[in-house]
Amino acid sequence: MAFRRRNKSYPFFSQEFLIQNHADIVLCLVVFILLGLMFETTSKTAFVFILPQYNSSTFTPEGEVSLYRYGWRDCTTTFFYFLIAIILHAVVQEYILDRANRRLRLSKSKNTKFNESGQLCVFHLLSSAWTFYILITEGYLLNISSLWENYPHVYLRFQVKFYYLSQLAFWLHALPELYFQKIRKEDVPRRLQYISLYLLHILMAYLLNLTRVGLLLMFLQHLSEMGFHASRLLYLTDESHHRLFDMWAVGFVFTRMVTLTLLFLVLGFGLARVENQSLDWEAGNFNTVLVRLTALSIVCLTQIWQLWKFIRFQLRRRRQEQAARKRPAGQQPPRVARKDAGGQYNNGAVKAENGASPRPKKIKVL
């Protein structure tokens, strides 16, 4: 079954055909991998794509438990769920967002923002609930000292490793979606910024065995981003709901402060007091002063950069509101010069491309 309505058919191997049918093509590839489970000769290869690798069984007071490490075969598992993320993206777009767009009849620019916030709102909502469940079941939320005790945290439970691989798969799938969704060139740099930052921080927590503090920080980030995109969706549907952004602004600043506090607590205080301070690649121990300072600097610079952009946005918004109050009633804001394909628009007056004024139309007198 096709995901999208076909208003026009395109030739095979064309760019338009790939964009229109990319979800169906990816679905066929996923089914091909799943079919490998049916045959004995290919089942082992298929399991490398579907299940997390590098597991070992250990005995605990609760019984036998399977724990996982990371390795290069995680790339194959991430690739499989990268394909799953593309399919889920198409499902949400087709059956939720496109139907809402047809009812709301938004403009083209608002439609792009609505699709972006709709996809990210669903992702952050599910991720925040999933992260909260892991924090509660693993006991990290109620025992803060567990974030640095017994480091390095090389062995992970299934749900923790699967969570990190799923997060990596989602943000990797966002890169080709820039092409599949035909994102405007001026919006691509902004999206590449936050996609790259998410991938960098998730990989840093996963590879440096800082998965526990990474879970807590990502939980805070998911809640903050979910509030922003939910407020944005409501504002795009009805501009009278702009007050929700004020509530999100308070949560945004609170999230940045808590993030910085937790970082200094874990990296600057907790891990600094751990006895083993040597670099050991085989044991997975990266608890050295250089590594801690590098990780702390990267995250702190990211938080400061976000706060700087946030403050600039709030100041610009205040200036616009003050200018709107000072403007006399009924007076329209000054028009900004725009360019069109047929000529140049300068404050409402039309000029030709060579700078000459257009020929005036003759008025017929009846």
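Everything quoted here is computed from the prediction, not taken from an experiment. Heavy-atom basis, side chains included; hydrogens, waters and symmetry copies ignored.
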Donor-acceptor under 3.5 Å (S117 side chain, F114 main chain): no
Donor-acceptor contact present, side-chain K161 to main-chain P52, <3.5 Å: no
When the aromatic ring centroids of H153 and Y151 are compared, is their separation below 6.0 Å? yes
Compute whether any side-chain donor of one residue and acceptor of the other, for E138 and Q159, lie under 3.5 angstrom apart. yes
With side chains defined as the heavy atoms from C-beta onward, is the minimum distance between Y155 and Y54 less than 4.5 Å? no
Which label fits H124 and W171: parallel for a plane angle under 30°, tilted from 30 to 60°, or perpendicular past 60°? tilted
For residues 285-302, which residue pairs qualify under salt bridge (charged side-chain N to carboxylate O under 4.0 Å, His left out), counting only residues two or more places apart or in two chains? none
For the student: nearest non-hydrogen atoms of S224 and T255, plus distance: CB-OG1, 3.7 Å
Distance-only, no hydrogens or angles: does the W248 side chain make a donor-acceptor pair with backbone N or O of S231 under 3.5 Å? no
Answer yes or no: is there a donor N or O on one side and an acceptor on the other, between the side chain of N111 and the main chain of S107, under 3.5 Å? no
For the aromatic rings, using the six-membered ring if either is Trp, is the centroid distance between F252 and F228 under 6.0 Å? no
Side-chain heavy-atom pair W305, Q193 within 4.5 angstrom cut-off: yes
For a quick check under 3.5 Å, do H222 and S128 share a side-chain donor-acceptor pair by atom type? no
Please check if the number of heavy atoms outside Y133 that lie under 6.0 Å from its OH is greater than 12. no
Hydrogens and angles aside, do N55 and S57 bring a side-chain donor and acceptor to less than 3.5 Å of each other? no
Check: residues 195-209 side-chain donor-acceptor pairs under 3.5 Å, at least two apart:
{"unit_1": "S196", "atom_1": "OG", "unit_2": "L192", "atom_2": "O", "d": "2.7"}
{"unit_1": "Y198", "atom_1": "OH", "unit_2": "Q221", "atom_2": "NE2", "d": "3.1"}
{"unit_1": "H201", "atom_1": "ND1", "unit_2": "L197", "atom_2": "O", "d": "2.7"}
{"unit_1": "H201", "atom_1": "NE2", "unit_2": "T302", "atom_2": "OG1", "d": "3.3"}
{"unit_1": "Y206", "atom_1": "OH", "unit_2": "D74", "atom_2": "OD2", "d": "2.9"}
{"unit_1": "N209", "atom_1": "ND2", "unit_2": "G284", "atom_2": "O", "d": "2.7"}

What residues, two or more places apart in sequence or in another chain, satisfy side chain to side chain contact (heavy atoms under 4.5 Å, CB included) together with T261? none
Aromatic ring proximity, centroids under 6.0 angstrom, F82 and H173: no
Under 6.0 Å from the CZ atom of F245, do we count more than 12 heavy atoms belonging to anything else shown? yes
For T288, check side chain to side chain contact (heavy atoms under 4.5 Å, CB included) against everything at least two apart and list the hits. L279, L290, V291
Quick one: salt bridge (charged side-chain N to carboxylate O under 4.0 Å, His left out) pairs with a partner in residues 267-280, sequence neighbours left out? none
Parallel, tilted or perpendicular: which describes the rings of F162 and W130, with under 30° parallel and over 60° perpendicular? tilted
Would you name the heavy atoms of C121 and L233 that are closest together and state the gap between them? CB-CD1, 4.1 Å
Taking the side chain as everything from C-beta on, heavy atoms only, tell me whether S127 gets closer than 4.5 Å to Q167. yes
If I take atom CG from residue L165 and atom CG from residue L172, how far apart are they, to the nearest 0.5 angstrom? 10.5 Å
Both conditions, 6.0 Å and 45 degrees, for the charged tip of R256 above the ring of F254: are they met here? no
Does R157 make a cation-pi contact with Y68 (under 6.0 Å, within 45 degrees of the axis)? no
Is there side-chain contact between L18 and Y179, with at least one heavy-atom pair below 4.5 Å? yes
With sequence neighbours excluded, give me every salt bridge (charged side-chain N to carboxylate O under 4.0 Å, His left out) pair touching residues 214-235. E116-R232
Determine, step by step, whether Q181 and N115 satisfy the side chain to side chain donor-acceptor pair (under 3.5 Å) criterion, reporting the C-alpha distance in whole Å, the side-chain angles of both residues, the deciding distance to 0.1 Å, and the verdict. CA-CA 10 Å; Q181 298 296 321; N115 290 334; 5.5 Å; no
Under the side chain to side chain contact (heavy atoms under 4.5 Å, CB included) rule, collect the residues that match up with L293, sequence neighbours excluded. V289
Could you note down all residue pairs passing salt bridge (charged side-chain N to carboxylate O under 4.0 Å, His left out) where residues 302-318 supplies at least one of them, sequence neighbours left out? D246-R317, R317-E321, R318-E321
More than 12 heavy atoms from other groups under 6.0 Å of CZ on F158: yes
Out of curiosity, L178 CG to R191 CZ, how far, rounded to the nearest 0.5 Å? 6.5 Å
Working to the nearest 0.5 angstrom, can you tell me the gap between L296 CG and L263 CG? 6.0 Å
So do H22 and E177 actually touch side chain to side chain, heavy atoms under 4.5 Å? yes
What donor-acceptor contacts under 3.5 angstrom involve side-chain atoms of residues 35-43, with partners at least two apart or in another chain?
{"unit_1": "T42", "atom_1": "OG1", "unit_2": "G36", "atom_2": "O", "d": "2.8"}
{"unit_1": "S43", "atom_1": "OG", "unit_2": "E40", "atom_2": "O", "d": "3.2"}

Is there a donor-acceptor pair under 3.5 Å between the side chain of Y81 and the backbone N or O of I50? yes
Does M257 have more than 12 heavy atoms from other residues, nucleotides or ligands lying within 6.0 Å of its CE? yes
L271-I298 co-clustered via ILVMFWY side chain contacts under 4.5 Å: yes
When you compare the side chain of D238 with that of L234, does any pair of heavy atoms fall below 4.5 Å? no
Are side-chain heavy atoms of Y164 and T211 found at a separation under 4.5 Å? yes
Nearest-0.5 Å distance that lies between atom CG in L168 and atom OG1 in T77: 11.5 Å
Could you check, using the six-membered ring where one of them is a Trp, whether F170 and F123 have ring centers closer than 6.0 angstrom? yes
Ignoring hydrogens and geometry beyond distance, is a side-chain donor-acceptor pair present between T131 and Y163 at under 3.5 Å? yes
If you round to the nearest 0.5 Å, how far is CG of L135 from CG of L215? 5.5 Å
State which residue, out of T259, V258, L260, fulfils the side chain to side chain contact (heavy atoms under 4.5 Å, CB included) condition with L262. V258
Not counting sequence neighbours, which residues clear side chain to side chain contact (heavy atoms under 4.5 Å, CB included) with N143? List them please. S145, S146
For W281, check ring-ring contact (aromatic ring centres under 6.0 Å, His included) against everything at least two apart and list the hits. F286
Answer yes if L216 and L142 sit in the same cluster of Ile, Leu, Val, Met, Phe, Trp and Tyr residues linked by side chain heavy atoms under 4.5 Å apart, and no otherwise. no
Side chains of Y194 and L120: closer than 4.5 Å at any heavy-atom pair? yes
Mind checking salt bridge (charged side-chain N to carboxylate O under 4.0 Å, His left out) for R184 and listing every partner two or more places apart, or none if nothing turns up? E186, D187
Please round to the nearest 0.5 Å and tell me the distance separating atom CH2 of W148 and atom CD1 of I144. 7.5 Å
